Amino acid sequence: IDHLEYRLTGPEGEVYQTNHFGDHAYHWVPTWGMQCGSNMQPFATKAYSKLGMADSAIKPLEFIAKRVCGDFQRGSWPETANEKRFAYFSPSAAVWAQEIIESVFGINMNLIENKTFISPCMPESWDKAELKLPNIHLVYERKDGKFVVNAKIENDTSKVFRILLPPYENIKAIVNGREAKVSTRRRCGFFEASFEMGNEREFLVEIEYRKIDYSINSPKNIAVGDIFDISVSGLEILGIDDRCGIFSNVQFGRKGLKLTVKDTLLDNYEKFGYFGLMNFARRVFVLKVKKDDIVFDLPVKLVLMKDVIFSATYEEGRVYVDLYNNMNKALSGNAKLVLFCKAFDTECHVAARSVKQLVFDVKSVKGDMAPGMNNARIIVGDKVADIEVFADVKADIRNVELDMEMIKPMQYWREIGLFQSHGHMMQGPDNFMKDLFETVDKVEVIEGVPFKLSGGFIPLSFDKHRIVRIPLKGMKARKVYV
């Protein structure tokens, strides 16, 4: 649920899901990745409602409702939220209504067991909410410190009320003037209160409870390998449940815990670059806590950061390295940059939780710098990293003439590029790269590195052309661009 809330959610609360449909195309080029589908928003609402996260639950529904009721769609349900084409996706409308009924107002029936469940999930900003359906009329209100429900359900099922609340010390429920016996199930971060209401058709329910007052004192983010303290005001810490294996050491102190984060937690994700580190940075652990004789669990969220991050660029005989020190301690000493088998030094002092730019004089290898990325290694104290130095430079670029017998015409694209269900792989295959070789003689992806087009292409595919050999014919090169 943490990944859903923080990694798959946009600024308006909209939820994104993977999209593998090639006919969502732009300029005849299919796109794969993430889309904000109208059909998927209510499923996020259902997930949030299961944990009592009412403020999060309503946002995906509000997001898509604004698009449907906006000036462009004017009532039609688009496949993707910001799509500028009219569509009426009846499943989208149906599941939107379903989750308003079942998740927000919390009406669910089990006719086999002859039960109707009422489980409100009403956002804190709402003072009142009302739902009218055939045979069901609900009004939820917050007034005088109570949660009040007026319900009319035209069937003879046994009604069960269930609500998810912040951890509480005591709770009282009045149903049609009589006190109900409330059962409490202590969940992780919230309590589930439930009680039987009988099989009457009309109910007035009043719920009053006292929240447990507490606050968790913990950093929101921490570098791998660091040590930090955590305490909880108003509660006693009994222990910790570290199912994700975040910590290498846990020590109990007078006021809380001292926790040491493992230094290898992000190692497997570095190969995915910045987005890999960001997408896999979040962790959750659980504190076992106590208030008087009430024992329960509290989830604690933590964002992990690499201890040190480097970003380097080359300009006019110098390499500029931005050093991000995410640790709780300063990083000092001699910094060494190894570039083209030569070492360069500079002094370094970067305060804790700060960034500083290091400058290396590398004029002696100026002629070796190539356009784009250049491999290097940097050493600062006990921190060692292989980095790439970006250089916007001119170089002696020579085109490698391709073997004309290996080059295939554009029509060959159909054989290797289309699958049986080509509508989901390639939009408009006959238009893909249409007239490219007739109208363009070169392309320049990196400035200063022109790729000369040869009237066709050499295919590289998993099924038929796994290996492509391009002879360099004795040419000596520092870098090859493909």
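Position 1 is the first residue of the sequence; numbering continues from there. These values consider heavy atoms only, across backbone and side chains, with no hydrogens, waters or symmetry-generated copies. Just so you know, these numbers come straight off a predicted model, no measurement behind them.
Of all heavy-atom pairs spanning Ala312 and Ile387, the tightest one is CB-CD1, 4.0 Å. The two residues Val284 and Pro299 come nearest to each other via the heavy atoms CG1-CB, 4.1 Å. Contact between Gly317 and Asp361 at its shortest, heavy atoms only, is O-OD1, 3.6 Å. The heavy-atom pair separating Thr260 from Gly225 by the smallest distance is CG2-O, 4.5 Å. Closest approach of Ile294 and Phe191 over heavy atoms only: CG2-CZ, 4.1 Å. Taking every heavy atom of both residues into account, Glu5 and Tyr48 meet most closely at CA-OH, 3.2 Å.
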Between Phe360 and Phe344, is a ring pair (Phe, Tyr, Trp, His ring centres under 6.0 Å) present by the stated rule, with each step listed? CA-CA 6 Å; Phe360 295 89; Phe344 306 91; 7.7 Å; no

Check the pair Lys452, Glu401 against salt bridge (charged side-chain N to carboxylate O under 4.0 Å, His left out), reporting the backbone distance first and the verdict last. CA-CA 9 Å; Lys452 181 181 177 182; Glu401 295 295 334; 3.7 Å; yes

May I have the step-by-step check of side chain to side chain contact (heavy atoms under 4.5 Å, CB included) for Ser38 and Trp96, ending in yes or no? CA-CA 9 Å; Ser38 63; Trp96 191 95; over 6 Å; no

Full working for side chain to side chain contact (heavy atoms under 4.5 Å, CB included) between Asp241 and Phe285: CA-CA 6 Å; Asp241 186 349; Phe285 63 96; over 6 Å; no

Ile58 and Met122: side chain to side chain contact (heavy atoms under 4.5 Å, CB included), yes or no, with the steps? CA-CA 8 Å; Ile58 197 62; Met122 184 169 148; over 6 Å; no

Verdict with reasoning, Val389 to Phe310, per side chain to side chain contact (heavy atoms under 4.5 Å, CB included): CA-CA 10 Å; Val389 180; Phe310 302 94; over 6 Å; no

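The residue from Ile309, Leu331, Ile378 that alone fulfils the side chain to side chain contact (heavy atoms under 4.5 Å, CB included) condition with Leu323 is Leu331. When each of Asn249, Ile227, Leu304, Asp307 is checked for a side chain to side chain contact (heavy atoms under 4.5 Å, CB included) with Val261, only Leu304 meets the rule.
A donor-acceptor contact shorter than 3.5 Å links the side chain of Ser49 to the backbone of Lys46. Although no hydrogens or angles enter the test, the distance criterion places no donor-acceptor pair under 3.5 Å between the side chain of Ser103 and the main chain of Ile100. Here the side chain of Asp435 pairs no donor or acceptor atom with the backbone of Thr439 at under 3.5 angstrom. Formation of a donor-acceptor pair under 3.5 Å by the Asp226 side chain with backbone atoms of Met327 is not found in this model. Here the side chain of Gln41 pairs a donor or acceptor atom with the backbone of Val15 at under 3.5 angstrom. A donor-acceptor pair under 3.5 Å is absent between the side-chain atoms of Glu405 and the main chain of Asp403, judged by distance alone. Checking side-chain atoms of Asp55 against main-chain N and O of Pro123 turns up no donor-acceptor pair under 3.5 Å. Of the possible donor and acceptor atoms, none in the side chain of Lys301 sits under 3.5 Å from a partner among the backbone N and O of Arg283.
Enclosure of atom OH in Tyr274 is not indicated, since only 12 or fewer non-hydrogen atoms of other residues, nucleotides or ligands lie within 6.0 angstrom. Within a 6.0 Å sphere centred on NZ of Lys59, heavy atoms belonging to other residues, nucleotides or ligands number 12 at most. A 6.0 Å sphere centred on CD of Glu447 holds no more than 12 heavy atoms belonging to other residues, nucleotides or ligands. Heavy-atom contacts from other residues, nucleotides or ligands closer than 6.0 Å to CZ of Arg186 number more than 12.
Side chains of Val359 and Thr346 form no contact here, defined as non-hydrogen atoms less than 4.5 Å apart. A 4.5 Å side-chain heavy-atom check between Phe340 and Asn374 finds at least one atom pair inside the cut-off. Residues Ile240 and Val286 are not in side-chain contact: their nearest non-hydrogen atoms beyond the backbone lie 4.5 Å or more apart. Looking at Leu298 and Tyr214, their side chains come closer than 4.5 Å, going by heavy atoms from C-beta outward. When side chains are defined from C-beta on, Lys442 does not count as touching Phe451, because their heavy atoms never get closer than 4.5 Å.
Aromatic ring orientation, Phe272 versus Phe280: tilted (interplanar angle from 30° to 60°). Between Phe228 and Phe247, the ring planes are tilted. Angles from 30° to 60° get that label.
Between Asp213 and Lys211, none of the side-chain N atoms (NZ, or NE/NH1/NH2) sits under 4.0 Å from a carboxylate O, so this pair counts as no salt bridge.
With 3.5 Å as the limit, one finds a donor-acceptor pair spanning the side chains of Arg353 and Asn221.
Distance check, rounded to the nearest 0.5 Å: OG of Ser218 to CG of Leu302 gives 6.0 Å. Considering OG1 of Thr9 and CD of Glu14, their distance stands at 7.5 Å, rounded to 0.5 Å. To the nearest 0.5 Å, the span separating CG on Asn39 from CD1 on Ile64 amounts to 9.5 Å.
Both tests do not hold together for Arg67 against Phe72: distance to the six-membered ring centre under 6.0 Å, angle to the ring axis within 45°.
Here side-chain hydrogen bond (donor to acceptor under 3.5 Å, both in side chains) pairs that include residues 308-325, with residues two or more places apart or in two chains, are Asp322-Gln357. For residues 473-482, the set of pairs meeting the side-chain hydrogen bond (donor to acceptor under 3.5 Å, both in side chains) definition, not counting sequence neighbours, comprises Asp368-Arg478.
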